[in-house]
Q: 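Structure below; questions to follow.
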Amino acid sequence: MAAGQGAFSLREVLAAFQTCVTERREVLLGPYLSGWRGLIRFLHSLGSIFSFVSKDAVAKVQIMENYCRGEQREKYVSLQSMVEYELANGLVDLQKRSGRPDSGCRTVLRLHRALRWLQLFLEGLRTGREDSRTSVICTDSYNASLATYHPWVVRKAATVAFCTLPSRNAFLEIMNVGTTEEAVTMLGEALPYICDVYGITQELFARHKLLDLP
Ligand SMILES: CCCCCCCC/C=C\CCCCCCCC(=O)N[C@@H](COP(=O)(O)O)[C@H](O)/C=C/CCCCCCCCCCCCC
């Protein structure tokens, strides 16, 4: 199948994040979740060793999709409207989990932290040398982001899984967006949008003191 025309190309996935942010700097949940669904699909192609990761990501995306389709769907159009609604109605467990259904705020916070990993990982792929190792780029990105929030056993499982990743150029090839040079160019085009989504979300959650939800 010609590059870029495969059954699955990361180009469309990363394009989802380009449509997340409105003129009013709101982050729309629809495209945000669409981007994550595409990333998870790509993760499935990397092998069953990552299934412990994709299972958790799928579960979190499903929680958010249920909110977006639920009785209060109009409150879950954007991250901003979600935060305002859930805080105004006392739906967020601020100190400890209470056994209630996970709030959108805590669920998005976990995905938001993973988006930081993605941002670092894609930048590492983009700027890496041809002989760079994806496993090293991935581990360094993980240790600089998500690892902070995971217990030892998860960190160990993640770093073992990373060791199965192919070389940087082979990884760029399986991204199915053309040659390695075209993949690097695509990453350079997509990254500013991912950084923008991350930055807006980080500022929103920091302003409402939601960055450490249990
Ligand atoms: C253009 C190239 C794109 C490459 C993209 C690869 C595909 C990435 C797809 C998904 C990213 C992983 C999403 C991980 C979400 C994890 C959320 C989380 O931290 N969950 C933990 C906390 O949740 P609660 O327990 O508080 O509800 C949860 O404990 C589960 C943890 C298990 C997974 C943790 C390992 C995450 C590793 C992230 C990188 C994996 C992908 C590497 C493949 C290149």
Side-chain angles (χ1 to χ4, degrees), residues 7-10 13-14 16-17 32-66 93 96-129 131-176 183 187 190-191 194-195 197-198 201-202 205 210-214:
F8 172 78
S9 163
L10 271 164
V13 173
L14 299 181
F17 287 106
Y32 186 86
L33 297 176
S34 173
W36 275 113
R37 280 196 302 274
L39 288 170
I40 293 164
R41 273 185 63 206
F42 181 82
L43 187 59
H44 283 143
S45 72
L46 296 179
S48 58
I49 196 166
F50 288 102
S51 60
F52 76 104
V53 180
S54 57
K55 280 183 185 139
D56 184 75
V58 165
K60 289 177 165 56
V61 169
Q62 191 60 62
I63 288 170
M64 294 315 302
E65 286 177 338
N66 292 341
D93 289 338
K96 63 180 177 59
R97 296 177 86 173
S98 65
R100 293 186 295 179
D102 285 346
S103 65
C105 286
R106 90 161 312 263
T107 304
V108 165
L109 177 61
R110 269 71 182 166
L111 294 174
H112 172 63
R113 289 167 176 172
L115 196 65
R116 176 63 179 161
W117 161 80
L118 181 71
Q119 184 184 322
L120 296 173
F121 178 57
L122 299 190
E123 182 61 15
L125 279 176
R126 187 181 74 84
T127 57
R129 298 192 315 268
D131 61 351
S132 300
R133 292 170 57 193
T134 311
S135 56
V136 171
I137 297 170
C138 197
T139 303
D140 291 348
S141 307
Y142 175 71
N143 290 338
S145 56
L146 271 174
T148 308
Y149 307 101
H150 293 161
W152 180 87
V153 65
V154 169
R155 297 200 304 268
K156 185 55 67 182
T159 46
V160 166
F162 298 158
C163 294
T164 68
L165 293 169
S167 70
R168 175 234 187 211
N169 277 22
F171 192 89
L172 293 174
E173 289 288 319
I174 62 175
M175 284 168 47
N176 195 26
L187 289 176
L191 266 162
I194 291 173
C195 294
V197 170
Y198 178 83
T201 309
Q202 183 72 6
F205 274 57
L210 298 173
L211 287 174
D212 297 307
L213 294 176

Q: Within the distance-only criterion (no hydrogens, no angle test), does the side chain of Ser48 pair as donor or acceptor with the backbone N or O of Ser51 below 3.5 angstrom?
A: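 Between the backbone of Ser51 and the side chain of Ser48 there is no qualifying donor-acceptor contact (under 3.5 Å).
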Q: With side chains defined as the heavy atoms from C-beta onward, is the minimum distance between Ile40 and Phe50 less than 4.5 Å?
A: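 A side-chain contact is absent here, since even the closest heavy-atom pair is not under 4.5 Å.
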Q: Between Cys105 and Phe205, what is the shortest heavy-atom contact and its length?
A: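 Closest approach of Cys105 to Phe205: O-CE2, 3.3 Å.
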Q: Hey, are the side chains of Asp102 and Arg97 touching, using non-hydrogen atoms and a 4.5 Å cut-off?
A: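 Asp102 reaches Arg97 side chain to side chain.
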Q: Can Asp131 and Arg168 be counted as an ion pair, charged N to O under 4.0 angstrom?
A: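 A salt bridge is absent here (no side-chain N lies under 4.0 Å from a carboxylate O).
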Q: So, do Val61 and Tyr32 sit near enough that their side-chain heavy atoms are less than 4.5 Å apart?
A: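 Answer no - side chains too far apart.
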Q: For the backbone of Thr148 and the side chain of Arg155, can you confirm whether one donor and one acceptor N or O come within less than 3.5 Å of each other?
A: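 It does not hold such a pair.
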Q: With side-chain contact (heavy atoms from CB on, under 4.5 Å) as the test, would you mind laying out the steps for Phe42 and Asn176 before giving the verdict?
A: CA-CA 10 Å; Phe42 181 82; Asn176 195 26; over 6 Å; no
Q: Determine whether Ile194 and Leu118 make a side-chain contact, defined as any pair of heavy atoms from C-beta on separated by less than 4.5 Å.
A: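 Touching, per the 4.5 Å side-chain cut-off.
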Q: Nearest heavy-atom pair of Cys163 and Ser135: which atoms, and what distance?
A: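 What the structure gives for the nearest pair is CA-CB, 4.0 Å.
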Q: To the nearest 0.5 angstrom, please state how far the CD atom of Gln119 sits from the CG atom of Leu115.
A: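 So the gap between those two atoms works out to 6.5 Å.
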Q: What verdict does the side-chain contact (heavy atoms from CB on, under 4.5 Å) test give for Arg110 and Leu213, after you've listed the backbone C-alpha separation in whole Å, the side-chain angles of each residue and the deciding distance to 0.1 Å?
A: CA-CA 9 Å; Arg110 269 71 182 166; Leu213 294 176; 4.2 Å; yes
Q: Please lay out, stage by stage, how Leu187 and Leu14 fare under the test side-chain contact (heavy atoms from CB on, under 4.5 Å).
A: CA-CA 9 Å; Leu187 289 176; Leu14 299 181; 4.2 Å; yes
Q: Around atom CZ of Arg106, are there more than 12 heavy atoms from other residues, nucleotides or ligands closer than 6.0 Å?
A: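 More than 12 within 6.0 Å, yes.
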Q: May I ask you to check whether His150 and Tyr142 place their ring centers less than 6.0 Å from one another?
A: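 Between His150 and Tyr142, the centre distance is under 6.0 Å.
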Q: When you compare the side chain of Phe121 with that of Ser145, does any pair of heavy atoms fall below 4.5 Å?
A: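 Of all side-chain heavy-atom pairs linking Phe121 with Ser145, none is under 4.5 Å.
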Q: Side chains of Cys138 and Leu165, heavy atoms from C-beta outward: is any pair under 4.5 Å?
A: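 Yes; the side chains approach each other to less than 4.5 Å.
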Q: Would you call Val136 and Phe162 a side-chain contact if the rule is heavy atoms closer than 4.5 Å?
A: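 A side-chain contact under 4.5 Å is absent here.
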Q: When you check the side-chain N and O atoms of Asn169 and Glu173, is any donor under 3.5 Å from an acceptor?
A: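 Not at all, the side chains of Asn169 and Glu173 share no donor-acceptor pair under 3.5 Å.
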Q: Is any side-chain heavy atom of Ile137 closer than 4.5 Å to a side-chain heavy atom of Leu120?
A: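 When only atoms from C-beta onward are counted, Leu120 and Ile137 do not touch, as no gap falls below 4.5 Å.
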Q: For residues 42-64, which residue pairs qualify under salt bridge (Lys or Arg N to Asp or Glu O under 4.0 Å), counting only residues two or more places apart or in two chains?
A: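 Non-adjacent pairs meeting salt bridge (Lys or Arg N to Asp or Glu O under 4.0 Å): Asp56-Lys60.
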Q: OH/Tyr149 to CG/Asp212 distance, rounded to the nearest 0.5 angstrom?
A: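 Going from the OH atom of Tyr149 to the CG atom of Asp212 covers 7.0 Å.
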Q: Any salt bridge between Asp93 and Arg100, counting N to O under 4.0 Å?
A: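 A salt bridge is present here (some side-chain N lies under 4.0 Å from a carboxylate O).
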Q: Working note: Leu172 + Met175, criterion side-chain contact (heavy atoms from CB on, under 4.5 Å); need CA distance, chi angles, decisive distance, verdict.
A: CA-CA 5 Å; Leu172 293 174; Met175 284 168 47; 3.6 Å; yes
Q: Would you compute the distance between atom CG of Leu146 and atom CZ of Arg113 and round it to the nearest 0.5 angstrom?
A: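 Nearest 0.5 Å value for the CG-CZ distance: 8.5 Å.
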Q: Both conditions, 6.0 Å and 45 degrees, for the charged tip of Arg116 above the ring of Tyr198: are they met here?
A: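 Yes, a cation-pi geometry holds between Arg116 and Tyr198.
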